Visitor: 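Below you will find the structure I want to go over with you.
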Number of protein chains: 2
Amino acid sequence: MSEPIAWEPVPRSRTFELVLARIEEQILTGNLRVGDRLPPERELVELLGVSRAAVREALRVLEAQGALRPRVGTGPASGSVIAAMPSAGLTQFLRLHMALAHFPFADVVEARATLERASARLAAAQASPEHLSTMRDRLERMDDAALSREEFNDCDTEFHAAIAEAGGNRLMADMTIAVRNAVRHTLLKVFHGLDDWEATAARLRSEHHAIYNAVAAGDSERAGDLTEAHIRGFHHDLVYSVLDESESGAGA
Amino acid sequence: MSEPIAWEPVPRSRTFELVLARIEEQILTGNLRVGDRLPPERELVELLGVSRAAVREALRVLEAQGALRPRVGTGPASGSVIAAMPSAGLTQFLRLHMALAHFPFADVVEARATLERASARLAAAQASPEHLSTMRDRLERMDDAALSREEFNDCDTEFHAAIAEAGGNRLMADMTIAVRNAVRHTLLKVFHGLDDWEATAARLRSEHHAIYNAVAAGDSERAGDLTEAHIRGFHHDLVYSVLDESESGAGA
DNA sequence: TTTGGGGGCTTGGTCAGACCATTGATTGGG
DNA sequence: CCCAATCAATGGTCTGACCAAGCCCCCAAA
């Protein structure tokens, strides 16, 4: 007994956590798969012997994580259906925590550079014609000078998302997309704060085309390098000059 | 009207979502910061004009995302306190979705290789003496041959987590740690399925020491390369041979 | 004056029961 | 045979109550 005993506080298990654990157990063991329907809330109440409020709070958590899609009414698509929508949940999550943790914007840039560099390399190695077509479509849309900055920003996001998805790695694609989406508002603010929007747009277009060409040519090294340079360069040259002292922390 | 109009379904806003939006708004605008206390549930009920169930469901979501820490009772630490615990929420999230999406294990390996390679490079560039000390401690613990496989696995995780944190990028560190934690169970199963545990442990120890030396020496290139090789090599040589046909999908 | 204990208040946790809104299926009439 | 009214199932919401955990404060005893 010479060591001071670290009395771990016994975790106060709340009812909804037990419910959540039961459902997650079914998911982790594979008994519940995407597309399966959970028993109706009232039935879970009977099965588990808890109140409906407890069941609903557990379901709410799963829904927030993008693992559940609730639908009222009757019929085959009704009820609580197991889903797999990681991007949505992850985006929400990152947005919140970037505001909370005040991630320095440089950290986000570093994360994007890392993830998207890897995604681009994967994409160059194995992009399908369909993915390349999606990327081309976004490029063409961004070539339209009449595009608003919002629309340009969205196309930009979709272009990067298409690259991430072309890599064929859903986990990395979801993380990439979520991080990009989480800074959407901030980037939009930057776009609006630019003195010479057209010059910036032209630069981005040119860099995007270069990245696309490298991916389409299957040149992993070049695609990765260009993507990383694209992200770092854009932020270094533009974002900081606009945000400077006002918002060096996380974007809202 | 030649184009088929895409009638976006109007989003059925549920009450708890409105409550959630209000609270998130306060967080995103910076009005609510880490450590601040939310009004008590009953007070939010009055302020927002909704039922307590709706308030509670919204709070539950925030809690699941690691942004809230509920505490009963009175006093300075009581009530719903804004927190920032991304790793916990992210780990839960990834665990769930790896089971749901059946991320091929190779995808997880790719993500780890990408994230940890970058983390190691950052760590080599700017690890503090404290971080290096933590890493050394974990290395020494893993040198203990009497360690159980569970304990070894945890030390292994903590070693990698220390590298990630030494890089000074919280976002990347949290993602790295979460991905590593999400496969904890799977790796443990692999450890237990090995024929020659001691040989494997010896190999891991040696690779860990090499990585540490590179980080401590400030050799970013080498640290990154060794880390990536460590992760890819381990999984290529060992994980697949154990999991093979039984669990080529996501780990539970 | 100090110390110890106990009551009470605040706060989150849980429950029961009711009603509403949406949506697909059923059924009956034209 | 088809269409419309009706019904039933399901998630969404609300009310009101009680429980349990903790802190605060006051009072009695030393």
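The structure displayed is predicted, hence computed values, not measured ones. So you know, we letter chains A, B, ... as the sequences are listed, proteins then strands, and number each from 1.
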Visitor: What is the distance, to the nearest angstrom, from the CZ atom on B:Arg56 to the P atom on D:dG16?
Guide: 18 Å
Visitor: Counting only side-chain heavy atoms from C-beta out, which of C:dG12, D:dA8, C:dC19 sits nearest to A:Thr74?
Guide: D:dA8
Visitor: Against A:Asp156, only a single residue in A:Arg141, A:Arg138, A:Arg180, A:Glu151 fulfils side chain to side chain contact (heavy atoms under 4.5 Å, CB included); can you say which?
Guide: A:Arg180
Visitor: CZ of B:Arg42 versus P of C:dG12: gap in Å, rounded?
Guide: 7 Å
Visitor: Contact class for B:Gly73 (heavy atom, under 4.0 Å): base, sugar-phosphate, or nothing?
Guide: base
Visitor: What is the distance from CG of A:Leu68 to P of D:dG11, rounded to the nearest Å?
Guide: 10 Å
Visitor: With a 3.5 Å cut-off and just heavy-atom distances, do the side chain of A:Arg14 and the base of C:dG12 make a donor-acceptor pair?
Guide: no
Visitor: To the nearest Å, how far apart are A:Leu18 CG and C:dG13 C1'?
Guide: 12 Å
Visitor: Is the B:His235 ring parallel, tilted or perpendicular to the B:Phe105 ring (thresholds 30°, 60°)?
Guide: tilted
Visitor: Quick one: is C:dT14 close enough that its OP1 or OP2 comes under 4.0 Å of any side-chain N or O from A:Thr15?
Guide: yes
Visitor: Please report, rounded to the nearest Å, how far the C1' atom of D:dT15 is from the CD atom of B:Glu46.
Guide: 14 Å
Visitor: Just the rounded figure in Å: distance from C1' of D:dT10 to CD of A:Glu41.
Guide: 8 Å
Visitor: Are any non-hydrogen side-chain atoms of B:Leu115 and A:Met175 less than 4.5 angstrom apart?
Guide: yes
Visitor: Can you check the A:Glu43 CD to D:dT10 C1' distance for me, whole Å?
Guide: 11 Å
Visitor: Assess whether one donor atom and one acceptor atom, taken from the side chain of B:Arg60 and the base of C:dG12, lie less than 3.5 Å apart.
Guide: no
Visitor: Is A:Arg60 paired with A:Glu63 through a side-chain N to carboxylate O contact shorter than 4.0 Å?
Guide: yes
Visitor: With respect to the phosphate group of D:dT10, does any side-chain polar atom (N or O) of A:Ser80 fall under 4.0 Å of OP1 or OP2?
Guide: no
Visitor: A:Arg71 or B:Arg37: which one's nearest nucleotide on DNA chain C is closer to the 5' end?
Guide: B:Arg37
